[in-house]
Amino acid sequence: MKANASQWAQLLVVYGALMGLLALTAGASFLPGGWWSTPVALAIATAKAFLIFYFFMRLRGQSGLVRIFAVAGFFWLAILLVLTSADYLTRLWAV
Amino acid sequence: MPPLNPPAPPSRGYLSDGTTVASWLCTRDHKRIALLYLFTITFFFLIGASAAALMRWELTRPNGDLMTSDTYNRLFTLHGVVMVWFFLIPSIPAVLGNFVLPLAIGARDVAFPRLNLASWYIFVCGGLIALYAIVVGGVDTGWTFYTPYSSTYSNSNVMVMATGIFVAGFSSIATGLNFIVTVHKLRAPGLTWFRLPLFVWAIYATSIILVLATPVLAITLALMALERGFGVGIFDPKLGGDPLLFQHLFWFYSHPAVYIMILPGMGVVSELVSCFSRKKIFGYKVMAFSILSIAGLGFLVWGHHMFVSSQSVYAGVVFSLLSFLVSVPSAIKVFNWIATLHRGSITFGTPLLYALGFLALFTIGGLTGIFLATLAVDVHLHDTYFVIAHFHYIMVGGGVMAYMGGIHYWWPKISGRMFPEGWARFSAVTIFVGFNLTFFPQFLLGYLGMPRRYHIYPAEFQTLNVISSAGAAVLAVGYLVPLCYLTWSFFHGKDAGPNPWNATGLEWQTPSPPPSHNFEQTPVVTRPPYDYPPL
Amino acid sequence: MTSAEPASAPSPYSDAAQRDVANHLGMWTLIATEILFFGGLFLAYCVYRGAYPAAFSAGSHRLDFWSGTVNTAVLLTSSLFMALGDAMIRVGRRRGLQVCVTLTAGLGVLFLAIKFSEYREMYAEHLVPGIRYGAAGPPQMQLFLFLYFVMTALHAVHMLVGIGLLGWLLTLNRRGRLSRDRRAPVSMVGLYWHFVDCVWVFLYPLLYLIPR
Amino acid sequence: MSAAPLSEIGGGAGWLPEASSFAPRVDRVFDGLLAASAGMALFLTVLTLVILVRYRRGSAGSRKAVRIATWKIETAWIVATTAVFLFFFVQGTSVYLEMRRIPAGIEAINVVGRQWMWDVRYPGGRREFNRLHVRLNTPVRLLLSSEDVIHSFFVPAFRLKQDLVPGKVVEAWFDPTRAGTYMLYCAQYCGTAHAEMTGTVVVLAPDQFAAWEGGRDGGAESGSPGLAGAARGSAIFQKYGCAQCHGDAAGSRAPRLAGVYRGPVRLADGRFVLADDQFLHDAILRAPKCAVAGYAMTMPTYDGVIPEGDVLDLISYIKALPPAPASQVP
Ligand code: HEA
Ligand code: HEA
Ligand code: CUA
Ligand SMILES: [Cu+2]
């Protein structure tokens, strides 16, 4: 029973962190924007996603194999984004 | 491994476990689902082949006077769509993969038997939608669906066809997911990763591509269809959209998809070459890793379809380099197959004839892929018949040859009967001859500048086109003969016995046809793969 | 796929632990597929936002910031209850599971209601490309709004599927089919629900928080 | 349009001529690839046949295992293959970069692709359809754009291909090194008449080019309407690409012209007008004024493109067409 209480407490702490991050990113959007706004917003989103994957989706208790499967989708998405950017970012370069 | 000589089968195994229609349509047995797929894709092959026959008939005349342009355009679209998505992509994975994979790893079934059956129903749904699109007037965009033609200008049933492919895509995803989990979790005790037959490795790598690439095709077709439906969308140049983005998304799926079409064939050929030279495959680990690296690197080269599309010059250079690199593992595989034959004890059964045909034709197709990956040369050859010849050499000469070889190799296991060897050798040779007659002239046509998707062409291209069409007639004979004798042998062939080829591999330790649950006791593996006795 | 098979049907598995890992691998594979399914849209977003930053900023400021923010909070809370429900059934508390899953589904419905009111508002303001559009602004703003609708609608479809799955869990639980030892459906639906939540976590800053 | 005579393709040469400055360079890369591939394929074929014969079952060949370690063999051919591939990558890329390095300071010719014709606009304001005249040994810069879907400008004799993408202007260039008439194809599938979206590139020696620049296609003299005019009109109808849209094979993109003359025509704004000579004249030169109901406004304005004499011949031709069986009102 005690183990469970600590588990629920842990979930609540993670939830608090998630809501805190949400408040942070929503609040930051009222500041005057700059080049850093979007990277910061995406960093916060990544942190939130990590918390959800690691605690809510219980990756922390899973085998390495399952963790690899969890990362694979993001890795392949990165391939799609990076190689397509290789086209769009260099279109105007001189030959 | 010496065969265990199981007791004579009381009946025809899984085939006699219920003979009602419902027992087939509600089955969860991977072997029966494999047969359901076999019938379905054979039907689609005949449709795609009929379109090819009509196209080759039209191309005997330079004036394009046997059919209208719209008819011809609908024919090559139908041919490409059906052959790729409704025949070749499901061919080896969904038929031979479904049948052999659980047997080869000593499992009772795939990991999710219901999902397996559902995948066939999804496939049939997608197929029926595609057939509906064909029946109500066809589609004239080419299998590549390039925007803005497909999204704005075409007057054909693009939405319906896109829906059919979209639906069939989820069947691919379900199959891939099932095989990945099956290989990870259901291997027999002792069957470590490096004891797996290369066919299993190939199906596993293919499944990874299926799961990670197909969703991108689905969303791309959905975006194209939305643009068509609402008249506004992200590929529309009027709003600042870029048609090249569609091409990036399409080829991010469709280049990996060409490896979906060849990797299973490479797996089959590895089994055939090893079995008929009675020798362990040469460089087994290198073969396994080359399969994985083709699957991985295959995701990095899609831009080689866009060299003249006005994508960035630098992106072109990067994609060209990566295309050369992805070819290295393919070359290694060719060398290893030949090295496996070296100092073997070779018998020329029909499956080996198909495997040798694969070796020759895949090599030619692959080498011409190298021509196309070379930037300066592709500028000239892009969208000519050279490309058509390149991919038919690989997909028909490689993929379909391997599929036919695999069907013949496992036919005794599937049906419990032998096919007539004489007829089978005749048709294997006929296919090889007819194939080269059909597609070799197309390399010349392409170099001379005959563009793809042209049914009206300058008169001096006629001779080569007529030769090509004559070859297609020979090819038709080569494909129709096996259809006849395999059907005949299913009912009347000689009893095969559990292991007619004396092959290693767990699937040959079951009776032919195997019982519904495959194995009485779960086998325990203690030996490396292809463990043939020393010569 | 995940429900308990009748005892007579042949199972490919040798024991429950093996089946459990297989279920997890299958679900994570599905999630990888889903990431790339949404991935095509994220790619389009990146390309066009890079090309037309001003139009995207203008489009973003036509969205209702508070709806997006409240919806994020709603989904994060629903995920909390889903995780709590999973923790409940792990100690066999079926009533607790029922309460948590009901709350999760309720918050999901609330999310969709807020989303729908946003759509209706935008329809009234002629901000729906292809259906009702008449906004002043650069033509590329339509690219942003089109992507907004496709991304959020695809997400909403996933929410609908998720709510359906939650309803299925409630039914299973009411029939006594879930327990400490038979909780695979809860884990599987939970993974799916959290994943859909994660997608929104990225959609929120990309769509609502583009700086001027 | 179909079945062009031999001279249209190769400028008289049977095989594909090398008619631009980079054609020989591309061909040398191709030849290298061909030599390596054919050599490799031949070697592997012979090797395999020898193995098949020597090691068939029951033959006398030794079956002892090879003495060299497998990993050494594998490493050797991985390295060798990679090296050969990288060699060809470098060759192909260096030639390609040269092909894409567009010389500065040349006046550009605009080439507009449209379903299914090539609309060529020279710097001086002159305009041609499906035909491009260039001067020998003078680099030519093209600005390619499309009005509808993706097309591709493909001249095999120049080893030149470049897609035309709607919404952007793409540059290409070539330096013609051999006089003659060469086929121009549309290489990117663009719909119904994609296979007929062909044309020619005419490379003229400097003196001939000057004569071409001076004249207007030899300037067809304006003749009297009548049968001779109708015969000339038929050729003009082909030359300006009218048949691409109004021909019998063109589908329903544009109205059939047979039987139009002296019939009622319903305009897009709902009015009916009588198709007299004046109407046909305006329809050809200023299509937007005569928008016919039921068709997209895709017909180009030929004002300043077709000389008046040719217009009269076209009208004679349209009048002389045999009436179509079905009603012309869409
Ligand atoms: C199963 C299908 C399949 C496979 C496996 C491949 C394999 C390859 N393909 Fe192909 N390809 C297609 C199907 C396939 N392709 C299709 C369908 C299209 C056209 C799509 C369309 O537009 O409709 C296409 C188009 C295509 C293009 C675009 C052409 C264009 O439109 O302009 C290119 C360009 O790089 C290319 C390259 C390659 C390469 C480098 C490989 C490599 O993987 C090949 C590797 C193999 C070898 C290299 C052979 C073995 C090697 C040896 C024996 C060693 C020899 C040694 C030396 C020479 C040293 N392919
Ligand atoms: C994936 C597999 C695949 C397969 C197996 C084939 C098989 C064949 N293909 Fe195809 N092909 C493609 C994939 C495939 N093709 C693709 C993707 C395209 C590009 C489409 C596009 O541009 O969008 C293409 C395009 C294509 C073209 C170019 C069209 C053009 O650009 O204008 C040609 C032309 O010759 C052709 C010919 C053939 C032939 C002769 C066969 C032969 O191998 C077929 C053998 C069979 C026969 C010759 C007829 C036998 C007949 C029967 C078995 C049944 C008869 C039954 C009845 C009449 C009831 N194909
Ligand atoms: Cu224009 Cu094809
Ligand atoms: Cu490719």
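In what follows, chains carry the letters A, B, and so on, assigned in the order in which the sequence lines appear, proteins first and then strands, with residues in each chain numbered from 1. Computation of the quantities below employed the complete heavy-atom set of this structure, encompassing side-chain atoms and omitting hydrogens, waters and symmetry-equivalent molecules.
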Fill in the blank from the handout: For C:A73 and A:M19, the nearest pair of non-hydrogen atoms, with its separation, is CB-CE, 3.5 Å
Practice task
Measure C:V201 against the heavy atoms of chain A and call it side chain, backbone, both or neither at under 4.5 Å.
Solution key: both
Fill in the blank from the handout: Bottom line for C:T77: the part with an atom under 4.5 Å from chain A's heavy atoms is both
Completion exercise
Looking only at A:Y88, A:F55, A:Y15, the option with the highest number of non-hydrogen pairs under 4.5 Å against chain C is A:Y15
Practice task
Check each atom of A:L51 against the heavy atoms of chain C and say whether the ones under 4.5 Å are side chain, backbone, both or neither.
Solution key: neither
Practice task
Output the distance between atom OG (A:S37) and atom CG (C:L209), rounded to the nearest 0.5 Å.
Solution key: 9.5 Å
Exercise for the section: Report the distance from atom CG of C:L75 to atom CG of A:L18, rounding to the nearest 0.5 Å. Expected result: 11.5 Å
Exercise for the section: Heavy-atom distances under 4.5 Å only: say whether A:F56 touches chain C with side chain, backbone, both or neither. Expected result: both
Handout entry: Contact origin within C:H194 toward chain A - heavy atom pairs under 4.5 Å
Key = both
Fill in the blank from the handout: Checked A:L22, A:L81, A:V66, A:D87 vs chain C; the most non-hydrogen pairs under 4.5 Å come from A:L22
Handout entry: A:M57 and C:W28, any side-chain heavy atoms less than 4.5 Å apart
Key = yes
Handout entry: chain A contact via C:Y208 - which portion, at a heavy-atom distance below 4.5 Å
Key = neither
Handout entry: Nearest-0.5 Å distance that lies between atom CG in C:D86 and atom CZ in A:R58
Key = 4.5 Å
Problem - Under 4.5 Å from a heavy atom of chain A, the part of C:W200 involved - result: neither
Handout entry: Centroid separation C:F65 to A:F30 less than 6.0 Å
Key = yes
Exercise for the section: Compare every heavy atom of C:T69 with every heavy atom of A:A26, then report the nearest pair and how far apart it is. Expected result: CB-CG2, 4.0 Å
Completion exercise
The interface call for A:F74 against chain C, heavy-atom contacts under 4.5 Å, is both
Fill in the blank from the handout: Turns out that what part of C:L206 lies under 4.5 Å from chain A's heavy atoms comes down to side chain
Practice task
List the steps, then state whether side-chain contact (heavy atoms from CB on, under 4.5 Å) holds for C:M88 with A:W8.
Solution key: CA-CA 9 Å; C:M88 291 279 181; A:W8 294 340; 3.8 Å; yes
Handout entry: Euclidean distance, A:L11 CG relative to C:L84 CG, rounded to 0.5 Å
Key = 5.5 Å
Practice task
Look at C:P205, C:G39, C:A87 and state which one has the largest set of heavy-atom pairs under 4.5 Å with chain A.
Solution key: C:A87
Practice task
Identify which of A:V71, A:L89, A:V14, A:T46 forms the greatest number of heavy-atom pairs closer than 4.5 Å to chain C.
Solution key: A:T46
Problem - Portion of C:I31 that has a non-hydrogen atom of chain A nearer than 4.5 angstrom - result: side chain
Handout entry: Rounded distance (nearest 0.5 Å) linking atom CD1 of A:I52 with atom CE of C:M82
Key = 13.5 Å
Practice task
Answer with yes or no whether the side chains of A:T38 and C:R49 bring together a donor and an acceptor at under 3.5 Å.
Solution key: yes
Handout entry: Per-residue contact mode, C:L25 against chain A (heavy atom under 4.5 angstrom)
Key = both
Exercise for the section: Heavy-atom distances under 4.5 Å only: say whether A:L77 touches chain C with side chain, backbone, both or neither. Expected result: both
